[in-house]
Amino acid sequence: MSRTPRIRRTALAVTAAAVLPFSLAACSDYGSDSAAGSAAEQGAAAAPQEATPIAPATTGEPFGPACAGVPAQGAGSFDGMAQDPVATAASNNPALTTLVAAVKKAGLVDTLNNAKDITVFAPTDEAFAKIPKADLDKVLADKATLTKILTYHVVGRKLTPKQLENGSFDTLQKTGLTTRGSGASYKVNGSSNVVCGNVKTANADVYIVDTVLMPK
């Protein structure tokens with residue numbers, strides 16, 4: 001009679017000893033997974049949204065905030081523009097319609113397309129929109145003045161971003177302009193920002209700017 005309770009107690013102890021590690025392991029695994037999941041969720045919630053980086057000029061690729069507006073495919077894309085001479089390439093860029101119209105009015109399409117190894121600082125439509133409409137209409141109607149302004153945006157050699165860091169260059173209009181900056185941020189004449197630079201065409205390097213340059 002005295003042996004039976006002892007055997008039962010021994011069996012229960014053995015069973016408990018066998019089951020306990022598995023129970024602890026299961027609890028440990030559950031707690032670990034929950035903690036990991038919680039930490040991952042908290043980390044994801046805490047991680048800030050990163051802005052799309054602007055490529056630095058040193059990569060050799062087009063750089064600047066307005067480059068995002070260039071079509072990804074077709075004649076107006078970076079690859080498409082690289083196949084055409086500069087006036088033709090500009091005509092396929094939706095941000096340069098006013099410039100293209102001005103170049104046509106001035107009769108400079110062939111001059112620009114046939115030039116070799118030039119740099120063009122190309123004002124956007126928004127850049128031209130900064131000029132009061134009456135003044136802009138007057139300039140567009142005056143071929144001599146228009147030609148003077150447009151040729152002031154052209155340098156007779158290709159310029160790298162490195163050369164723009166602290167540059168002074170003669171233009172086709174025979175008046176000089178200056179450039180300053182570094183990385184992906186450059187200004188022309190201290191006021192016009194390069195918003196999409198290092199754009200290649202068949203015969204020119206193009207730096208799209210946000211303000212029309214006026215010769216002195």
Side-chain angles (χ1 to χ4, degrees), residues 47-100 102-103 112-113 115-131 149-173 176-215:
Q49 294 291 330
E50 293 186 1
T52 302
I54 298 173
T58 53
T59 64
E61 299 296 323
F63 65 89
C67 290
V70 174
Q73 297 180 336
S77 67
F78 291 127
D79 288 341
M81 291 180 71
Q83 307 304 312
D84 293 321
V86 64
T88 302
S91 70
N92 294 318
N93 188 307
L96 302 177
T97 58
T98 307
L99 174 63
V100 171
V103 167
L112 294 176
N113 276 348
K116 292 184 179 180
D117 298 333
I118 59 175
T119 294
V120 176
F121 294 95
T124 62
D125 291 346
E126 288 77 9
F128 280 99
K130 293 179 181 180
I131 302 172
I149 292 172
L150 293 176
T151 53
Y152 182 63
H153 289 74
V154 184
V155 173
R157 59 190 174 105
K158 288 187 175 182
L159 300 175
T160 65
K162 182 68 177 176
Q163 290 173 295
L164 299 187
E165 290 182 359
N166 187 18
S168 180
F169 310 102
D170 290 332
T171 69
L172 295 191
Q173 188 268 334
L177 57 76
T178 60
T179 58
R180 299 288 185 274
S182 63
S185 178
Y186 296 87
K187 286 183 179 291
V188 185
N189 287 350
S191 60
S192 187
N193 297 291
V194 174
V195 293
C196 184
N198 212 25
V199 178
K200 307 297 182 182
T201 73
N203 68 325
D205 287 346
V206 178
Y207 294 87
I208 299 175
V209 295
D210 67 356
T211 305
V212 177
L213 307 174
M214 293 295 182

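No experiment lies behind these values; they were computed from the predicted model shown. Just so you know, residue 1 is the first one in the sequence shown, and it goes up from there.
Of all heavy-atom pairs spanning Thr179 and Phe121, the tightest one is CG2-CZ, 4.2 Å. Scanning both residues, Gly156 and Ile118, for their nearest heavy atoms gives CA-CG2, 4.2 Å. Glu165 and Ser182 get closest at one heavy-atom pair: CG-CA, 4.4 Å. Here the closest heavy-atom approach between residue Leu150 and residue Ala102 is recorded as CD1-O, 3.5 Å. Here the closest non-hydrogen pair linking Pro85 and Asn113 is CB-OD1, 3.3 Å. Heavy-atom minimum distance, Phe78 versus Cys67: CZ-CB, 3.8 Å.
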inquiry  = Set out, in order, the CA-CA distance, both residues' side-chain angles and the distance that settles side chain to side chain contact (heavy atoms under 4.5 Å, CB included) for Met214 and Ile131, then state yes or no.
reply    = CA-CA 11 Å; Met214 293 295 182; Ile131 302 172; 3.9 Å; yes
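Two rings, from Tyr186 and Phe63, have their centers less than 6.0 Å apart.
Of the inter-residue distances, the one linking Phe169 atom CZ with Thr178 atom OG1 reads 9.5 Å to the nearest 0.5 angstrom. Remark: Leu213 CG to Ser191 OG distance equals 7.0 Å, nearest 0.5 Å. With rounding to the nearest 0.5 Å, the separation of OG in Ser168 from CG in Asp170 is 7.0 Å.
Counting heavy atoms from C-beta on, the side chains of Lys130 and Thr211 come closer than 4.5 Å. In this structure the side chain of His153 reaches within 4.5 angstrom of the side chain of Val212, judged on heavy atoms. In this structure the side chain of Thr171 never reaches within 4.5 angstrom of the side chain of Val154, judged on heavy atoms.
Among residues two or more places apart in sequence or in another chain, the side chain to side chain donor-acceptor pair (under 3.5 Å) test is passed with Ser77 by none. By the side chain to side chain donor-acceptor pair (under 3.5 Å) test, Thr119 pairs with no residue at all, sequence neighbours left out.
Of the possible polar contacts, none joining the Tyr207 side chain to the Leu164 backbone as a donor-acceptor pair under 3.5 Å is found. A donor-acceptor pair is defined here as one N or O able to donate and one able to accept, closer than 3.5 Å; no such pair exists between the side chain of Asp210 and the backbone of Ser192. Side-chain atoms of Asn93 come within 3.5 Å of backbone N or O of Ala95 as a donor-acceptor pair. Remark: the backbone N or O of Lys158 is not paired with any side-chain donor or acceptor of Asp117 at under 3.5 angstrom. With Gln83 contributing its side chain and Gly80 its backbone, the two residues share no donor-acceptor pair below 3.5 Å. Although no hydrogens or angles enter the test, the distance criterion places a donor-acceptor pair under 3.5 Å between the side chain of Asp125 and the main chain of Thr98. Checked by atom type and distance alone, the side chain of Asn203 pairs as donor or acceptor with a backbone atom of Leu112 at under 3.5 Å. In this structure, Arg180 contributes its side chain and Val188 its backbone to no donor-acceptor pair below 3.5 Å.
Note on residues 191-203: pairs passing salt bridge (charged side-chain N to carboxylate O under 4.0 Å, His left out), not counting sequence neighbours, are Lys200-Asp205.
When Val199, Val103, Thr201 are each tested for a side chain to side chain contact (heavy atoms under 4.5 Å, CB included) with Val86, only one passes: Thr201.
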